[in-house]
Participant: 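Right, I'll just put the structure down here and ask away after.
Counting convention: from 1, in listed order, for ligands and their atoms alike.
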Amino acid sequence: MSLMTFDDIQQSTDLIISESQIDQAIEELAQQINQFYAGERFANKSVTAFCVMNGGLYFTGQLMRHLKFPITLKYLHASRYGDSTRGAELNWIVRPSQEEVFGKDIILIDDIFDEGLTLEAIYKECEALKPNSINSVVLVDKQHHRKPQSGFQPNFVGLEVVDRYIFGCGMDYKGAWRNLPAIYALKE
Ligand SMILES: O=P(O)(O)OC[C@H]1O[C@H](OP(=O)(O)OP(=O)(O)O)[C@H](O)[C@@H]1O
Ligand SMILES: Nc1nc2[nH]cnc2c(=O)[nH]1
């Protein structure tokens with residue numbers, strides 16, 4: 001299929017998670033994260049939020065609106081899907097620097113935890129740069145048994161999703177439609 005129109009999306013895809021469900025999940029997630037960083041340990045400190053480009057951009061923007069502590073916003077870029085629906089080797093485009101991570105309280109923000117290889121690699125990359133603390137948060141966790149053997153999991157998860165290739169809310173279909181405010185999947 002060539003690039004879908006907005007009408008194609010309404011007619012020939014399945015709505016997986018509605019805009020209101022997403023908004024509610026993000027607010028609930030923000031409450032949990034606010035609670036975590038409200039501790040004495042983080043008083044008078046700014047937390048460094050790394051947006052995992054490109055997919056994490058939409059969620060980072062939505063989530064940050066509800067966070068009630070000071071954030072220093074950074075980004076990093078690693079990709080293993082490109083425009084494909086299948087993951088391959090992780091390709092680093094922008095790595096976090098030592099200056100950005102050493103001694104800092106880090107939160108990694110991404111759209112989806114699917115096979116988990118991307119977030120695990122990013123987490124390890126940051127860990128090696130010796131942050132003071134590190135957490136990861138994803139909007140959705142895809143439900144299947146192909147997760148990292150190490151048992152690595154994100155610290156905060158918004159919603160669970162079915163094991164289908166999904167798009168919207170930052171996630172692309174053939175490079176496009178990251179701008180949709182709800183999550184869709186192609187009809188099976
Ligand atoms: O859990 P995994 O199976 O490793 O997949 C999750 C990753 O896949 C997507 O990135 P992608 O490689 O598509 O790059 P993008 O963010 O630029 O779309 C998504 O944004 C996550 O970072
Ligand atoms: N757009 C999109 N990107 C992904 N990266 C890993 N899983 C997915 C998915 O289901 N959709």
Side-chain angles (χ1 to χ4, degrees), residues 1-6 8-9 12-19 21-22 25-26 29 48-64 73-96 101 106-127 134-188:
M1 193 194 274
S2 57
L3 212 52
M4 282 185 291
T5 64
F6 193 68
D8 293 335
I9 288 168
S12 35
T13 67
D14 292 330
L15 176 66
I16 302 293
I17 307 176
S18 70
E19 183 173 355
Q21 282 176 296
I22 304 257
I26 291 177
L29 201 46
T48 299
F50 273 100
C51 170
V52 179
M53 297 294 276
N54 288 310
L57 180 63
Y58 183 97
F59 176 44
T60 300
Q62 298 291 318
L63 180 68
M64 286 213 312
L73 182 62
K74 302 279 178 184
Y75 70 94
L76 54 80
H77 195 180
S79 172
R80 70 182 203 95
Y81 286 79
D83 286 352
S84 168
T85 57
R86 295 228 180 113
E89 282 293 294
L90 187 72
N91 176 24
W92 271 104
I93 300 139
V94 179
R95 286 178 197 261
V101 175
I106 303 292
I107 181 161
L108 302 170
I109 308 178
D110 205 357
D111 50 358
I112 183 166
F113 191 72
D114 189 337
E115 293 175 358
L117 299 180
T118 306
L119 195 59
E120 184 178 34
I122 291 169
Y123 191 99
K124 283 185 177 159
E125 183 85 12
C126 288
E127 222 177 15
I134 179 162
N135 271 320
S136 58
V137 51
V138 293
L139 177 59
V140 294
D141 181 3
K142 201 182 273 189
Q143 298 301 290
H144 55 63
H145 297 290
R146 305 183 302 278
K147 300 294 179 185
Q149 287 186 350
S150 62
F152 174 82
Q153 284 181 332
N155 301 93
F156 300 97
V157 172
L159 291 158
E160 295 181 343
V161 281
V162 286
D163 188 11
R164 294 171 66 177
Y165 190 80
I166 56 174
F167 57 95
C169 293
M171 290 169 276
D172 71 300
Y173 176 65
K174 295 189 176 172
W177 285 120
R178 294 184 195 270
N179 46 308
L180 292 165
I183 294 181
Y184 298 83
L186 295 181
K187 283 205 188 295
E188 289 185 320

Participant: Out of Arg178, Lys174, Lys142, Met171, whose heavy atom is nearest to atom 10 (O) of ligand 2?
Facilitator: Lys142
Participant: Nearest protein heavy atom to atom 20 (O) of ligand 1, by residue and atom, and its distance?
Facilitator: Asp111 OD1, 2.7 Å
Participant: Tell me the nearest of Pro154, Pro148, Gly116 to atom 1 (O) of ligand 1, using heavy-atom distances.
Facilitator: Gly116
Participant: As an exercise, identify every atom of ligand 1 less than 4.0 angstrom from a heavy atom of Asp114.
Facilitator: 1 (O), 2 (P), 3 (O), 5 (O)
Participant: Quick one: do Arg95 and Glu125 make a salt bridge, cutoff under 4.0 Å?
Facilitator: yes
Participant: Within a distance under 4.0 Å of any heavy atom of Asp172, pick out the atoms of ligand 1 and give their elements.
Facilitator: 18 (O)
Participant: Tell me whether Asp114 is salt-bridged to Arg86, with the criterion being a basic N under 4.0 Å from an acidic carboxylate O.
Facilitator: no
Participant: Look at ligand 2 and say whether Glu115 reaches it with a heavy atom at a distance under 4.0 Å.
Facilitator: no
Participant: Of the listed options (Asp141, Leu57, Asn54, Leu90), which comes nearest to atom 17 (O) of ligand 1 when hydrogens are ignored and any heavy atom counts?
Facilitator: Asn54
Participant: Please give me the minimum heavy-atom distance between Leu90 and Ala78, naming the atom from each residue.
Facilitator: CD1-CB, 3.9 Å
Participant: Examine Phe113 against ligand 1 and note whether any of their N/O atoms are separated by less than 3.5 Å.
Facilitator: no
Participant: On a heavy-atom basis, I'd like to know which of Tyr81, Tyr165, Phe113, Phe167 is closest to atom 3 (N) of ligand 2.
Facilitator: Tyr165
Participant: Only heavy atoms of Arg178, strictly under 4.0 Å: list the atoms of ligand 1 that pass.
Facilitator: 15 (P), 17 (O), 18 (O)
Participant: Give yes or no for whether the N/O distance cutoff of 3.5 Å, strictly under, is met between Gly55 and ligand 1.
Facilitator: yes
Participant: Are Tyr123 and Phe152, when compared by the centres of their aromatic rings, separated by less than 6.0 Å?
Facilitator: yes
Participant: Less than 4.0 Å between a side-chain N and a carboxylate O, is that true for Lys174 and Asp83?
Facilitator: no
Participant: What are the atoms of ligand 1, with element, lying closer than 4.0 Å to any heavy atom of Arg80?
Facilitator: 2 (P), 3 (O), 4 (O), 12 (O)
